[in-house]
Number of protein chains: 2
Amino acid sequence: MTLDVGSRLKAVRQLYGLSQRELAKRAGVTNGTISLIEQNRVSPSVSSLKKVLDGVPMTLAEFFTLDPEAAPQVFYGGDELTDLGSGKVSLRLVAARRPGRRMSILREVYAAGADTGEEMLSHEGEEGGIVVRGRIELTVGGQAKMLGPGDAYYFTSSLPHRFRNPGREECEIISASTPPTF
Amino acid sequence: MTLDVGSRLKAVRQLYGLSQRELAKRAGVTNGTISLIEQNRVSPSVSSLKKVLDGVPMTLAEFFTLDPEAAPQVFYGGDELTDLGSGKVSLRLVAARRPGRRMSILREVYAAGADTGEEMLSHEGEEGGIVVRGRIELTVGGQAKMLGPGDAYYFTSSLPHRFRNPGREECEIISASTPPTF
DNA sequence: CCTAGGTGTCTAGGATATTAAACGCAACGC
DNA sequence: GCGTTGCGTTTAATATCCTAGACACCTAGG
């Protein structure tokens, strides 16, 4: 198992300053249930855990995304930009060495003529960004659009997408994606 | 309930091209269990759902984060930058109108002398960013650091933090945070 | 036709989770 | 001291889940 649902629930409950009975009442379960779950004496069904979390309220996704040992580390400085790119696309990743990151923040530079390819990228999650300088053509789900400095985008990463710089100047974008792509 | 664990599991399983028996074998449960779960005839315990997902493999967080109706929407254009700031700090949020976003991507401009305050900000999640122009002093967990163009930062948002522009020039940052702060 | 191997579904019974109520403990007012 | 109110824990009975194995269906090959 090594998935400490109990401690997690307890932490969440206490974070909201609720007693077992209070939470139980809000959630429509008994206080005994909360107690047993928090002691890891039982593994709740998804439906009952959902009921409990609805009392907080918190979604299941949020609950399981909680980083129990929330690394109190801070990363900063130019050094934190790790080089990943190749050829005409330069990618620099923020806090690459941080374990368990929940986002990829990237500084992307597309040289003139750069193209992520016909095949289209597709992966779970969401991504978005802002164009800092230059112009770029972004195709998402069959629709293409030119973006210039100050323009922004945001989409579900499972949609096939492609970045292309048809111009003669470099284009710089700062983007973020969750869960981390890199 | 209205939380269709069954369909979700089925979708995941089929996405990976597995039969109920194959997945069951990998996961160490019986095919009947998978069948019953997919039909929503039972609400699996967290421990057994975890076992099942380990067979894929997929984490519980990923499973519950799956957006069933994965909004195929794309947001872009300068219009997508919604103004939020006040006073010396200007905040522009990407895709503000998108429901259920998992990130806040912001273009932040700190005027000379801008300061998010002594009281320190603190909230759940993670955040990071890259300085586009100007200089800014970032204090996280008691440690201050000056950042200039091209520098980056990343930290756990629950650490008390503060942004301050002690210089005479504007500072522009592009940042992201998850879960969304705005 | 009919076996062989694949699919998903169903059922009986043992295993596990949940309830309702009791229990032990500590803090407070009287 | 004593009653009250809050806390988390425990217990016996009930409800729910999970397993093993049978079942029905389909497709392919002999």
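In the text below, chain A, chain B and the rest are named by the order of the sequence lines, each starting its count at 1. No experiment lies behind these values; they were computed from the predicted model shown. As a basis for the values below, the full set of heavy atoms in this structure was taken, side chains included, without hydrogen atoms, waters or symmetry mates.
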Got a list of protein N/O to nucleotides 23-26 of chain C N/O distances below 3.5 Å?
none

Atom [atom1] of [X] and atom [atom2] of [N]: how far apart are they, to the nearest Å?
{"X": "B/E38", "N": "C/dC10", "atom1": "CD", "atom2": "P", "value": "13 Å"}
{"X": "A/L49", "N": "C/dT18", "atom1": "CG", "atom2": "C1'", "value": "14 Å"}
{"X": "A/N40", "N": "C/dT16", "atom1": "CG", "atom2": "C1'", "value": "15 Å"}

Think [X] has a side-chain N or O under 4.0 angstrom from the OP1 or OP2 of [N]?
{"X": "B/R41", "N": "C/dT9", "value": "no"}
{"X": "B/S35", "N": "C/dT9", "value": "yes"}
{"X": "B/Q20", "N": "C/dT7", "value": "no"}

Those residues that, when tested against [X], pass side-chain contact (heavy atoms from CB on, under 4.5 Å) (two or more places apart):
{"X": "B/V42", "answer": "B/L36, B/I37"}
{"X": "A/E169", "answer": "none"}
{"X": "A/R21", "answer": "A/S19, A/N31"}
{"X": "A/T30", "answer": "A/T33"}

Among residues 22-33 of chain A, which contact DNA chain D at a heavy-atom distance under 4.0 Å?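 Those residues are A/N31, A/G32.
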
Reading DNA chain D from 5' to 3', where do the contacts with chain B start and stop? Cut-off is 4.0 Å to heavy atoms.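 Taking any atom under 4.0 Å from a heavy atom of chain B, the span is D/dC17 to D/dA20.
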
If you look at every strand shown and take non-hydrogen atoms under 4.0 Å, does [X] touch a base, only sugar-phosphate, or nothing?
{"X": "B/Q39", "value": "sugar-phosphate"}
{"X": "B/I34", "value": "nothing"}
{"X": "B/V42", "value": "sugar-phosphate"}

Would you please classify the geometry between the A/F163 ring and the A/Y110 ring as parallel, tilted or perpendicular, with 30° and 60° separating the classes?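 Geometry flag for A/F163 against A/Y110: parallel rings.
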
Go through the structure and list residues passing side-chain hydrogen bond (donor to acceptor under 3.5 Å, both in side chains) with [X], not counting sequence neighbours.
{"X": "B/R135", "result": "none"}
{"X": "B/S45", "result": "B/S47, B/S48"}
{"X": "B/E170", "result": "B/R133"}

Which pairs, with at least one residue in residues 30-48 of chain B and sequence neighbours excluded, count as a salt bridge (charged side-chain N to carboxylate O under 4.0 Å, His left out)?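 Applying salt bridge (charged side-chain N to carboxylate O under 4.0 Å, His left out) to every pair that reaches into residues 30-48 of chain B, excluding sequence neighbours, yields B/R13-B/E38.
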
Mind checking whether A/L147 and A/I136 have side chains closer than 4.5 Å, heavy atoms only?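 A/L147 reaches A/I136 side chain to side chain.
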
Min side-chain heavy-atom separation B/F63-B/V52 under 4.5 Å: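 Sidechains of B/V52 and B/F63: no contact.
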
